[in-house]
2 protein chains.
Amino acid sequence: MGRLAPVRRASTVDLIAERLREAVVDGSLPPGTVLGEAELAYQLGVSRGPLREAMQRLTAEGLLVIPRRRGLAVRTMTPEDVRDIHWLRARIEPELGRRILTLPAAERRTVLAELGAEVKRMQRALKKDDARALGDAYLDFHRVLAAWGGSLRLARMLGTLLIETRLCTFSMFEHFEVHRDLVAEHVGFVEALAAEDGERFEALVQVHLEAEVRRLLAEPEDATEDESDRLLAETPGEPQPLDRLDLPEGL
Amino acid sequence: MGRLAPVRRASTVDLIAERLREAVVDGSLPPGTVLGEAELAYQLGVSRGPLREAMQRLTAEGLLVIPRRRGLAVRTMTPEDVRDIHWLRARIEPELGRRILTLPAAERRTVLAELGAEVKRMQRALKKDDARALGDAYLDFHRVLAAWGGSLRLARMLGTLLIETRLCTFSMFEHFEVHRDLVAEHVGFVEALAAEDGERFEALVQVHLEAEVRRLLAEPEDATEDESDRLLAETPGEPQPLDRLDLPEGL
DNA sequence: GATAATCTGATTGTCGACAAACTTACAATA
DNA sequence: TATTGTAAGTTTGTCGACAATCAGATTATC
């Protein structure tokens, strides 16, 4: 008697949340973007009720902020956030290698195949000098890691951290900006796993994350003309950045 | 000119979420509890709108599950969850000691004082054999650790993990159940910090968390085939975003 | 001329209501 | 007697509307 997985249809709230997450990830809603509920609800083809519910969820995930009576805004990450997020990632991701190496051989091969595919995507993107594609492959590489290396909770948590990482990139530079070393570093991850060298994997990931922080903080947004200033001005920034206003309460 | 912290009034949603969190923590809403929206909204004195928004937030935090068309239910933790949560805590909490030790001397003293106070609370509770008070002090001890050892994000994340830990206790035993060794272990934490021995602190916390898992899983409460199991089966976390349907596009 | 007070327009926060969906109970049939 | 089909009842999911609130602009005052 084969056991069937329970059917689970996504609710409207799920759909909206996912749609918004995508928009944040692909850059169509850059950090600092302020949106009105009515307008956004109309665009999504839903009423304000479910939209507001989805907003609460994304707020809990740290992607959105809800300034009182000002709709919603995409969170702007500060250098503080960059360090924070990467510190957390550094606590978790290096360990994932060890976990993956304890998997049955068959599954382990699958993981390696999937990771290899993502690395190939990265290489192709690098060749085409397509920073966006490179970033996407990067995201998926680490998602694969999270999916296989841990539980659902862990995968979800890391997934959020990864999207936040993307937000860091957008917040620090104003376009996709990915370093070339990135691909080489990820080749190293896969090699370490293939060699079943958990220690080495751990060390490499650690180094990678530290490098990422340096790269992200190296160029502290020289806020030059155009777009950036407009957005920055929209967020009543100076005394207190918008983001600080409405962080979810509680410890 | 003293810099004033911006006022932040809690929104209704914040209030509701906080109230629900409290109820979960103090055991008045044990795992598996199923609640109807209308009834609960009436009890809280709000309408269903804000309540539903708060539900989404707590769902994102992993405290609630929202079975379709069945209102809301307090999450029931499985042995899997127990391991998972403590694994995550074990990645983070041991490091907090090191961080606290890098604080300025004055603040460090404050931390030690606060931690000491919580330990005293634990001792008093133990003497009175008051498991609930002991659990509360435990919670606050680790909250202090989180508050001083990291960023807001980290404190929030750990706060959630701690509440989930409490849910684990309720799910495994159905009443407050705290081991006696607990107090001694925490005395050890404080001593290690007082001695500025980060290594030792790390090791002790690690041991403590492993012990907790053992204690929680030692007596797997025979999950009787009732409500809670059905609900759990219905909502095993979030599905991978493979199944994304399309939103009804713009009216 | 600059600061303060007032007004207005727009948007949110909240609520009540309706319809669809689901559960449960009951009845009918094999 | 067990199983399937049917129907009623309850609850959710969603929407539309109203009022309080706030931001921005305008006017008045020192």
Side-chain angles (χ1 to χ4, degrees), chain A residues 6-20 32-59 64-74 230 233-240 242 245-246 248-249, chain B residues 6-20 32-59 64-74 225-235 245-251:
Chain A
V7 172
R8 181 162 320 111
R9 277 167 296 187
S11 69
T12 306
V13 177
D14 289 329
L15 265 12
I16 299 174
E18 188 53 37
R19 190 60 67 93
L20 287 177
T33 310
V34 178
L35 297 164
E37 291 180 1
E39 166 66 15
L40 185 56
Y42 175 78
Q43 268 186 272
L44 293 168
V46 296
S47 75
R48 286 174 48 219
L51 171 60
R52 285 175 64 89
E53 292 179 34
M55 282 163 53
Q56 289 296 333
R57 198 185 287 186
L58 296 208
T59 299
L64 252 45
V65 291
I66 308 186
R68 281 178 73 86
R69 304 217 161 248
R70 313 200 124 199
L72 62 156
V74 180
R230 239 189 357 93
E234 269 177 330
T235 64
E238 259 323 282
Q240 278 289 322
L242 192 52
L245 285 178
D246 228 46
E249 88 293 355
Chain B
V7 299
R8 184 175 314 135
R9 275 170 298 188
S11 67
T12 306
V13 177
D14 290 329
L15 263 13
I16 299 174
E18 189 52 39
R19 189 64 65 93
L20 287 176
T33 311
V34 180
L35 297 164
E37 292 180 0
E39 166 67 15
L40 185 57
Y42 176 77
Q43 267 186 269
L44 293 168
V46 297
S47 74
R48 287 175 46 220
L51 171 61
R52 286 177 62 90
E53 292 179 34
M55 282 163 53
Q56 289 296 334
R57 199 185 286 187
L58 295 211
T59 298
L64 253 45
V65 291
I66 308 187
R68 279 179 74 85
R69 302 215 165 250
R70 315 203 121 199
L72 63 156
V74 180
E225 287 282 339
D226 61 2
E227 204 68 6
S228 69
D229 274 15
R230 262 189 331 106
L231 283 168
L232 194 68
E234 271 174 334
T235 45
L245 296 153
D246 269 304
L247 284 171
E249 39 211 276
L251 154 141

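Not measured: the values here are computed from a predicted model. Quick note on labels: first sequence line is chain A, next is B, and so on, each numbered from 1.
- The structure places CG of A:Leu40 at 8.5 Å from CD1 of A:Ile16, a figure rounded to the nearest 0.5 Å.
- The CD-C1' distance, from B:Glu39 to D:dT10, rounds to 14 Å in whole Å.
- Checked against side-chain contact (heavy atoms from CB on, under 4.5 Å), B:Arg19 has the following partners two or more places apart in sequence or in another chain: B:Glu22, B:Leu44.
- Counting any heavy atom pair closer than 4.0 Å across all strands shown, A:Val13 reaches no nucleic acid atom.
- A:Asp14 has no carboxylate O lying under 4.0 Å from a charged side-chain N of A:Arg9, or vice versa, which leaves the two without a salt bridge.
- Separation of atoms CD (A:Glu53) and CG (A:Leu51) is listed at 9.5 Å; rounding is to 0.5 Å.
- Atoms CG (A:Leu35) and C1' (C:dT12) sit 15 Å apart, rounded to a whole Å.
- In this structure, the CD atom of A:Glu37 is 17 Å from the P atom of D:dT21, given to the nearest Å.
- Between the P atom of C:dG13 and the CG atom of B:Leu15 lies a distance of 14 Å, rounded to the nearest Å.
- Distance B:Leu51 CG to C:dG13 P: 16 Å, rounded to the nearest Å.
- What you find for A:Met55 and A:Glu37 is that their closest heavy atoms are CE-OE2, 3.8 Å.
- The minimum heavy-atom distance between B:Gly71 and B:Ile66, with the atom names listed, is O-CG2, 3.5 Å.
- Minimum atom distance to the side chain of A:Val46 is reached by D:dC15, of the listed D:dC15, C:dG13, C:dC15.
- A:Leu58 places none of its side-chain heavy atoms less than 4.5 Å from the side chain of A:Leu72.
- Following rounding to the nearest Å, A:Ile16 (CD1) and D:dG13 (P) show an atom-to-atom distance of 13 Å.
- Dashed line: the shortest gap from a side-chain N or O of B:Arg52 to OP1 or OP2 of D:dG13 is under 4.0 Å.
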Protein-nucleotides 16-21 of chain C N/O pairs under 3.5 Å:
residue, atom, partner, partner atom, Å
C:dA21, O4', B:Arg69, NH2, 3.3

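- Computed from coordinates, the A:Ile66 CD1 to C:dT11 P distance equals 17 Å when rounded to whole Å.
- Rounded to whole Å, the distance from CE on B:Met55 to C1' on D:dG13 is 11 Å.
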